[in-house]
Protein chains: 2
Amino acid sequence: MGKSNFKFDNDILALRARIDEIDGQILSLLDQRQTQVEKVVKLKKIHNIPVYHPAREEDLISKLRVQANKTNLDPDFMEDLYRLILRQSRVKQIDQMGGKGVRPDTRVLIIGGEGQMGQFFASLFRKSGYDVRILGKKDWKKAKQLCENIDLALICVPIEKTCDIIEQIAPFLGPKTILADLTSIKAKPLKKMLEAHPGAVTGLHPLFGPSSGSLDKQIVVVTAGRDSDQCQWLVEQMTLWGAVIVPCSAEEHDEIMEIVQTLRHFATFSFGQFLYEKHVRLERTLEFSSPIYRLEFGMVGRLFAQDASLYSEIIFATKQRRQLLKDYIASLNNHLEMLEANDKDLFIEKFDTIAQWFGPFSEQAMRESTFLINKLIERF
Amino acid sequence: MGKSNFKFDNDILALRARIDEIDGQILSLLDQRQTQVEKVVKLKKIHNIPVYHPAREEDLISKLRVQANKTNLDPDFMEDLYRLILRQSRVKQIDQMGGKGVRPDTRVLIIGGEGQMGQFFASLFRKSGYDVRILGKKDWKKAKQLCENIDLALICVPIEKTCDIIEQIAPFLGPKTILADLTSIKAKPLKKMLEAHPGAVTGLHPLFGPSSGSLDKQIVVVTAGRDSDQCQWLVEQMTLWGAVIVPCSAEEHDEIMEIVQTLRHFATFSFGQFLYEKHVRLERTLEFSSPIYRLEFGMVGRLFAQDASLYSEIIFATKQRRQLLKDYIASLNNHLEMLEANDKDLFIEKFDTIAQWFGPFSEQAMRESTFLINKLIERF
């Protein structure tokens with residue numbers, strides 16, 4: 001037994017040494033790859049070409065899949081691996097492109113520039129060569145001075161303060177200044193901006209938190225206000241930073257956000273509340289959690305790692321939003337009778353109706369979440 | 001303009017050709033790596049060593065992080081990349097180890113072997129050299145014959161049928177046969193198995209669906225019944241297939257599953273019901289969805305891509321479970337007043353209490369879900 005283990009240990013150590021050697025070569029090639037990518041960036045920077053080039057990426061992936069098929073490698077695995085390499089490459093490129101401004105030297109004033117989102121955008125604008133000024137809570141005495149000759153006034157304050165701040169800042173703005181906001185509701189602030197400022201106006205809603213660290217493939221909703229042509233450079237700048245622009249009306253935006261933000265967050269909040277009421281032992285529960293449950297609990301935990309006031313703003317922003325949540329609770333109450341009566345057949349009937357209504361989306365959701373579950377298994 | 005574009009095109013094509021060349025070399029090295037890994041598998045197979053070797057993996061990752069730091073590569077990126085490579089390597093190894101049985105030639109009867117989960121385990125057992133028989137719905141006439149000389153009777157039928165099937169099969173089993181089940185509730189079936197069969201008994205709950213395709217790092221709960229020593233080979237076989245074993249009492253299992261399965265699925269179901277009632281335009285909504293919302297909606301869609309009766313079984317399995325859901329609805333009703341009164345302060349107070357109770361779990365959830373969100377950005 002001892003002898004055979006000794007032989008086994010030696011054999012396996014030799015194989016591992018060979019694997020380590022191969023890994024070292026892979027690492028060196030990845031480093032060389034990055035050097036080449038940096039050269040591409042330099043060229044793109046000179047010619048003002050965006051980083052994300054979907055056609056080139058898909059072409060590269062297709063080629064690799066064909067090559068993988070000629071070896072023992074699984075093409076799906078090669079695709080996953082290169083999606084990761086390409087994303088890293090994009091992030092690096094965006095980082096380096098940061099210096100590239102669509103309109104460098106333009107003067108940008110960020111109102112609420114001391115908040116997390118304000119800081120995030122201030123840093124992006126600065127990296128791209130813009131002249132950035134900050135107007136924080138304590139700077140209102142010198143507001144007039146800060147507004148002198150600015151080309152863009154960008155409002156990054158909590159939802160509830162947005163309309164008041166618009167009224168306060170508008171009188172200091174010149175007629176050629178663009179007034180824009182980043183609030184997560186759009187109809188009211190847009191209306192207020194159009195009333196308060198006679199110049200160019202645009203509403204933006206970046207659909208991500210400042211914690212994401214990059215604009216790569218993040219969605220920014222643009223709701224046009226006045227003189228959209230004059231605001232075009234701002235949209236182009238966001239694209240150059242890696243964002244995906246979704247244009248729509250302020251009303252449609254708000255309607256969709258009621259579902260995407262208000263309802264979703266409230267449902268997650270009330271789930272957390274119930275776990276707390278029942279004193280569920282989270283840690284022990286996680287030991288029993290397959291990736292899918294882990295992911296679902298993670299979404300709940302994630303909410304409570306963030307700022308309560310941000311969520312209170314999103315949930316309580318309008319009377320409509322509160323009504324939607326009351327409707328949601330009413331809808332849950334409709335299930336009580338089914339539970340009382342232990343009516344499985346009714347459950348299946350309801351389930352199948354909803355499944356049919358979801359249609360092809362369920363299949364897509366299944367595919368996407370299975371992909372993520374595999375990622376979770378890979379990582380933890 | 002034309003000339004400079006021509007120069008740019010040529011330069012970028014040359015760089016891309018060099019990148020393609022590097023990618024070809026990386027692919028070839030990955031292929032070589034896999035060949036070495038296959039040699040490791042052969043050795044492990046001879047010596048009956050499990051595939052998953054956490055210490056070796058962590059050591060390898062640490063080394064690569066150190067090496068990455070000496071280049072321009074981001075160590076986090078290298079770690080992500082190698083987690084993917086190591087998982088692929090594990091899956092391949094498990095595939096190849098499949099031929100390795102802890103007790104090949106042992107006779108296994110799978111009752112309900114025509115269902116998805118039954119088929120999944122039948123295929124695993126067969127690959128590992130077991131003698132596998134199936135008892136489907138139509139085979140009860142020859143049940144006695146199928147049970148002759150079997151070493152393991154594994155029950156894979158819907159929850160509601162489990163106890164009846166145990167009663168029906170037990171009289172055909174010899175005293176040395178192990179009786180086991182895969183049901184997602186454990187107390188009742190375990191009690192029934194102990195009553196009906198005088199030999200070895202064990203309860204298993206694999207925490208995943210048959211769609212996952214592999215046992216790699218999947219959790220299997222083991223609730224001991226009688227003569228655990230005699231059942232040990234079965235647990236070892238699951239480990240060799242890649243599973244992580246969590247032992248616990250049937251009662252604790254059921255209590256935890258009330259939260260992990262029943263509550264979670266019901267919450268998701270009622271969210272889907274409300275989206276349907278409000279005729280939410282899913283596709284348009286997705287265009288506005290940042291990765292986190294996309295992920296959350298994906299979890300809802302995923303539920304409805306699956307089998308209604310499976311979920312009805314999980315939700316309606318016991319009176320306690322139905323009571324828990326009624327408590328959940330009651331807890332939601334408690335928020336109505338807060339919404340009516342537009343009481344943000346109360347919301348923040350509740351939120352902070354829950355956040356404190358969640359404690360370090362929120363931070364962990366934030367980290368894990370941020371990782372997944374980045375994966376989602378990478379992929380779609």
Side-chain angles (χ1 to χ4, degrees), chain A residues 8 15 18-19 22 25-27 29 31 33 36 39-40 47 67 71 77 83 87-88 207-208 217 256 259-260 270 272 274 276 280 282 288 290 293 298 301-302 304-305 308 312 316 322 325 328-329 331-332 339 344 347-348 351 354-355 357-358 361-362 365-366 368-369 372 375 377-379, chain B residues 8 15 18-19 22 25-27 29 31 33 36 39-40 47 67 71 77 83 87-88 207-208 217 256 259-260 270 272 274 276 280 282 288 290 293 298 301-302 304-305 308 312 316 322 325 328-329 331-332 339 344 347-348 351 354-355 357-358 361-362 365-366 368-369 372 375 377-379:
Chain A
F8 167 75
L15 286 169
R18 174 70 191 118
I19 291 172
I22 292 173
Q25 290 169 321
I26 291 175
L27 186 128
L29 282 167
D31 194 32
R33 188 183 202 283
Q36 301 306 312
K39 290 183 190 165
V40 173
H47 294 269
Q67 281 181 272
T71 69
F77 160 68
R83 296 272 174 209
R87 166 162 160 87
Q88 176 68 6
L207 285 176
F208 56 91
K217 278 187 167 181
I256 286 175
I259 302 295
V260 167
S270 28
F274 187 62
Y276 161 71
V280 170
L282 290 175
F288 286 76
S290 63
Y293 303 115
R302 181 183 173 87
F304 292 100
S312 78
F316 292 87
R322 296 193 299 277
L325 300 180
Y328 171 60
I329 296 172
S331 167
L332 268 130
L339 292 168
K344 277 194 193 184
F347 176 86
I348 291 176
F351 189 103
I354 304 166
W357 176 75
F358 263 100
F361 174 68
S362 319
M366 190 77 191
E368 288 192 13
S369 52
L372 286 171
K375 289 288 152 195
I377 293 181
E378 190 180 291
R379 189 67 179 75
Chain B
F8 167 76
L15 287 169
R18 175 70 191 119
I19 290 172
I22 292 172
Q25 289 168 321
I26 291 175
L27 186 127
L29 282 166
D31 194 30
R33 188 183 201 283
Q36 300 305 313
K39 290 182 189 165
V40 173
H47 294 269
Q67 282 181 269
T71 68
F77 161 67
R83 296 270 174 210
R87 168 163 160 84
Q88 176 68 9
L207 285 176
F208 55 91
K217 276 187 167 183
I256 287 175
I259 301 295
V260 167
S270 27
F274 187 62
Y276 161 71
V280 170
L282 290 174
F288 285 75
S290 63
Y293 304 115
R302 183 184 172 86
F304 293 100
S312 76
F316 292 87
R322 296 193 299 276
L325 300 180
Y328 171 60
I329 296 173
S331 167
L332 268 129
L339 292 169
K344 277 193 195 185
F347 176 86
I348 291 176
F351 189 102
I354 305 166
W357 176 76
F358 264 101
F361 174 68
S362 327
M366 191 76 191
E368 287 191 14
S369 52
L372 286 172
K375 289 290 152 194
I377 292 181
E378 192 181 288
R379 190 67 180 79

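The figures that follow rest on heavy atoms only: side chains count, while hydrogens, waters and symmetry mates do not.
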(message) Let's go through A:Ile329 and B:Ile329 carefully: what are the C-alpha distance in whole Å and the side-chain angles of both, what is the deciding distance for side-chain contact (heavy atoms from CB on, under 4.5 Å) to 0.1 Å, and is it a yes or a no?
(response) CA-CA 8 Å; A:Ile329 296 172; B:Ile329 296 173; over 6 Å; no
(message) At a heavy-atom distance under 4.5 Å, which candidate from A:Ser331, A:Ala355, A:Ala308, A:Ala305 has the highest pair count against chain B?
(response) A:Ala308
Can you say whether [X] sits under 4.5 Å from chain A via the side chain, the backbone, both, or neither, judging by heavy atoms?
X        : value
B:Arg33  : both
B:Phe358 : both
B:Leu27  : both

(request) List the atom of B:Leu29, the atom of A:Leu29, and the distance in Å for their closest heavy-atom pair. (result)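 In this case the closest contact between B:Leu29 and A:Leu29 is CD1-CD1, 3.3 Å.
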(request) Identify the two heavy atoms, one from B:Ile19 and one from A:Gln36, that lie closest to each other, and give their separation to 0.1 Å. (result) CG1-CB, 3.6 Å
(message) Need one label for A:Phe288: side chain, backbone, both or neither, based on atoms under 4.5 Å from any heavy atom in chain B.
(response)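 When you check distances to chain B, atoms from both the backbone and side chain of A:Phe288 fall under 4.5 Å.
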(message) As a quick check of understanding, evaluate side-chain contact (heavy atoms from CB on, under 4.5 Å) for B:Val280 and A:Ile256, giving each step before the final call.
(response) CA-CA 8 Å; B:Val280 170; A:Ile256 286 175; over 6 Å; no
(request) For chain A, find which of B:Phe361, B:Phe77, B:Phe351, B:Tyr276 contributes the most heavy-atom pairs closer than 4.5 angstrom. (result)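 Highest number of heavy-atom pairs under 4.5 Å: B:Phe351.
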(request) Count the heavy-atom pairs under 4.5 Å between each of B:Leu325, B:Asp31, B:Leu15 and chain A, then report the option with the highest count. (result)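 Ranked by contacts with chain A, first place is B:Asp31.
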Quick one: pull up [atom1] in [X] and [atom2] in [Y] and give me the separation to the nearest 0.5 Å.
X        : Y        : atom1 : atom2 : answer
A:Phe347 : B:Ser312 : CZ    : OG    : 6.5 Å
A:Ile348 : B:Phe316 : CD1   : CZ    : 8.5 Å
B:Ile22  : A:Ile26  : CD1   : CD1   : 13.5 Å

(request) In sequence, state the C-alpha distance, the side-chain angles, and the governing distance for A:Phe274 and B:Leu332, and then conclude on side-chain contact (heavy atoms from CB on, under 4.5 Å). (result) CA-CA 8 Å; A:Phe274 187 62; B:Leu332 268 129; over 6 Å; no
